[in-house]
Amino acid sequence: MKQKILIGIGGGIAAYKVCEVISTLFQAGMQVRVILTDSAQQFITPLTVATLSRHPAYTDADFWQPHPRPLHIELGEWADVFVIAPLTANTLSKLSYGTADNLLTNTVLASQCPVLLAPAMNTEMWQQVAVQRNWQQLLTDTRFHALAPGYGLLACDRVGAGRMAEPTEIVTGVQSLLHTQGKRDLLGKRVLISTGGTREYLDPVRFIGNPSTGKMGLALAQAALHRGAIVTLVHTAVEWSVPSGMRAIAVVNAEQMQQAMLENFPDADLTVMCAAVADVKPAEYSKDKLPKRSLPQQLPLAPVPDIVAELGRRKQSYQRLIGFAAQTGDIITPARQKLAQKKLDAIVANPIDRTDAGFGSNFNQAIFLDTQGRQVEIPQCSKLQLAHHLWDFVHGL
Ligand code: C5P
């Protein structure tokens with residue numbers, strides 16, 4: 001059955017970006033219905049969202065029309081996930097007090113599904129004591145899930161806090177809520193994740209590396225965040241920026257990654273070593289770019305630290321350590337060996353020789369193995385879905 005997403009749009013300039021969210025969710029096969037407040041219609045029209053969602057938009061004019069059942073009840077019962085974006089200071093205030101004076105706020109009160117909130121406003125507005133109080137107050141109700149605003153250029157020409165979460169983050173939030181149905185089973189857990197391929201430089205421009213983009217670890221971090229975890233992401237990202245809400249540590253090579261992981265490991269309840277660490281580095285590093293004629297015919301190599309093995313040695317009884325094994329051919333035998341050798345609690349055997357899975361793809365497939373002999377095969381799915389399946393699996397550890 002199609003997943004049903006209700007989107008409430010408030011009156012802010014970020015409303016135009018929600019059009020992209022509607023389009024993406026519709027194209028992903030979901031049913032999308034949209035409520036526009038009166039002020040939202042100053043920014044985008046019912047025709048825009050009706051065209052993108054392939055369904056008439058709802059406004060307060062519809063609220064006051066006779067329906068077989070009251071519209072806010074129908075819509076509230078219909079939705080699997082309710083998104084409010086942009087959440088304005090005004091709607092935030094109403095929701096925090098349980099006020100119901102338009103279709104959007106009435107529908108929130110008439111629904112029971114998880115609600116994803118993406119506030120957007122000018123920095124001064126966002127930082128007002130009253131606004132922050134309303135925000136904290138609203139979030140004490142666990143059905144509300146926050147997509148905290150980020151930092152960036154605002155429509156008032158200022159750079160500051162208050163910028164609405166990017167459309168891709170909203171879409172990811174919806175997908176997470178569809179999987180978890182709002183449960184926060186990692187609430188308060190400290191999760192440490194490494195991701196991306198390390199680069200081992202020979203000189204300032206040449207390096208030994210691999211095609212890993214870090215999308216899998218990013219998905220694990222997002223999924224953990226959506227399930228309530230406190231997330232630290234050690235990453236080598238060059239193609240994406242880290243979403244707000246998690247602590248990010250950028251590194252380049254294996255030694256830097258090792259340092260960041262060892263520093264943060266003692267505080268972590270769950271650690272996932274998802275990064276594709278280059279196994280070797282050039283034995284020498286030249287701080288000046290080597291002229292072509294000076295490049296060695298044969299490159300002397302040196303090993304890099306085995307980070308996960310070191311983490312395995314330091315692991316305490318309160319900690320769980322999960323590794324990845326990117327393989328071609330038989331993926332299970334080498335993964336089982338690594339599970340034992342590196343003192344892991346679980347490992348993700350990850351084929352990288354399939355089309356549209358593994359390095360760089362938005363999709364993946366894997367077999368999860370653990371020390372208790374569990375073996376769970378996850379067929380091809382989005383990296384975010386795979387991430388949620390892994391967190392489900394980790395519960396059994
Ligand atoms: O490269 P390999 O398949 O052996 O990686 C298995 C696991 O070991 C992965 O979790 C990877 O992140 C980790 N690893 C590491 N340090 C290395 C090489 C791999 O932590 N030098």
Side-chain angles (χ1 to χ4, degrees), residues 191-201 207-221 224 231-237 249-266 268 270-283 301-315 319-354 357-360 364-371 378 383 386-387 389-391 393-394 397:
V191 170
L192 174 63
I193 299 165
S194 72
T195 199
T198 64
R199 290 182 172 189
E200 313 298 331
Y201 276 87
F207 61 85
I208 294 175
N210 60 67
S212 169
T213 54
K215 285 181 185 173
M216 189 60 236
L218 174 65
L220 282 164
V231 179
T232 301
L233 183 64
V234 175
H235 68 91
T236 62
I249 304 171
V251 297
V252 176
N253 60 33
E255 267 164 39
Q256 292 168 357
M257 182 171 279
Q258 158 134 314
Q259 195 187 341
M261 292 302 286
L262 293 183
E263 265 172 33
N264 288 283
F265 186 62
L270 297 165
T271 299
V272 186
M273 191 66 207
C274 178
V277 185
D279 290 309
V280 289
K281 65 178 183 180
L301 298 174
V304 300
D306 190 330
I307 305 169
V308 82
E310 183 57 35
L311 297 175
R313 280 190 284 275
R314 296 184 183 203
K315 191 174 67 170
Q319 296 180 300
R320 296 290 173 269
L321 179 60
I322 299 122
F324 268 66
Q327 303 290 155
T328 55
D330 169 20
I331 61 169
I332 295 182
T333 315
R336 279 228 172 275
Q337 284 163 356
K338 282 175 196 169
L339 180 67
Q341 279 162 7
K342 303 194 184 205
K343 298 194 172 63
L344 305 173
D345 297 289
I347 194 158
V348 178
N350 187 200
I352 49 167
D353 51 1
R354 315 277 161 89
F359 287 143
N364 212 346
Q365 54 182 284
I367 298 173
F368 303 154
L369 307 165
D370 74 2
T371 45
I378 308 292
K383 286 187 170 170
L386 191 90
H389 287 304
L390 183 60
W391 293 127
F393 184 78
V394 163
L397 292 178

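Being a predicted model, the structure only gives us computed values, none of them experimental. When a ligand or atom number is given, it counts from 1 through the structure's own listing order.
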- request: Measure from the side-chain N and O atoms of E200 to the backbone N and O of A254, and report whether any donor-acceptor pair falls under 3.5 Å.
  value: yes
- request: Over all heavy atoms of both residues, which pair between L369 and R336 is shortest? Give the atoms and the distance, please.
  value: CD2-NH2, 3.7 Å
- prompt: Among protein heavy atoms, which lies nearest atom 8 (O) of ligand 1, and at what distance?
  reply: V308 CG1, 3.3 Å
- prompt: So which heavy atom in the protein is nearest atom 18 (C) of ligand 1, and how far is it from that ligand atom?
  reply: D279 OD1, 3.4 Å
field: Any L262 side-chain heavy atom under 4.5 Å of R314 side chain
entry: yes
field: A278, any N or O under 3.5 Å of ligand 1 N or O
entry: no
- prompt: Quick one: does ligand 1 sit under 4.0 Å from the side chain of S194, the backbone, both or neither, non-hydrogen atoms only?
  reply: neither
- request: Looking only at protein heavy atoms, identify the closest one to atom 14 (N) of ligand 1 and say how far it is in Å.
  value: V277 CG2, 4.0 Å
message: Between ligand 1 and F324, is the shortest N or O to N or O distance under 3.5 Å?
response: yes
query: Taking C-beta and beyond as the side chain, do F265 and K315 meet within less than 4.5 Å on heavy atoms?
result: yes
- prompt: Is any side-chain heavy atom of L192 less than 4.5 Å from a side-chain heavy atom of V234?
  reply: yes
message: With a cutoff of 4.0 Å, is A309 in contact with ligand 1, counting heavy atoms of the residue only?
response: no
message: Can you confirm, on distance only, whether ligand 1 has an N/O atom lying under 3.5 Å from any N/O atom belonging to I307?
response: yes
message: Checking the N or O distance criterion of under 3.5 Å, is ligand 1 in contact with K338?
response: yes
Numbered atoms of ligand 1 (with element) below 4.0 Å of V304, judged on heavy atoms: 21 (N)
- request: Look only at the side chain of T236 and the backbone of V252, and say whether a donor-acceptor pair between them is shorter than 3.5 Å.
  value: no
statement: Nearest heavy-atom approach of L220 to I193 is C-CD1, 3.7 Å
query: Checking Q319 side chain against A268 main chain: does a donor-acceptor pair fall under 3.5 Å?
result: yes
message: I want to check something: taking the side chain as every heavy atom from C-beta on, are L270 and W391 in contact at a cut-off of under 4.5 Å?
response: yes
query: For atom 10 (O) of ligand 1, which protein heavy atom lies nearest, and how many Å away is it?
result: M273 O, 2.7 Å
query: Heavy atom of K342 under 4.0 Å from ligand 1?
result: yes
- prompt: Where does I347 meet ligand 1, judged by heavy-atom distances below 4.0 Å: at the side chain, the backbone, both, or neither?
  reply: neither
Validation row: E255, K281 side chains within 4.5 angstrom (heavy atoms): yes
- request: Could you tell me which atoms of ligand 1, counted from 1 in the order shown, lie closer than 4.0 angstrom to a heavy atom of P305?
  value: 16 (N), 17 (C), 21 (N)
field: Nearest option to atom 11 (C) of ligand 1, as decided by whichever heavy atom of A275, G323, P334, A349 sits closest
entry: A275
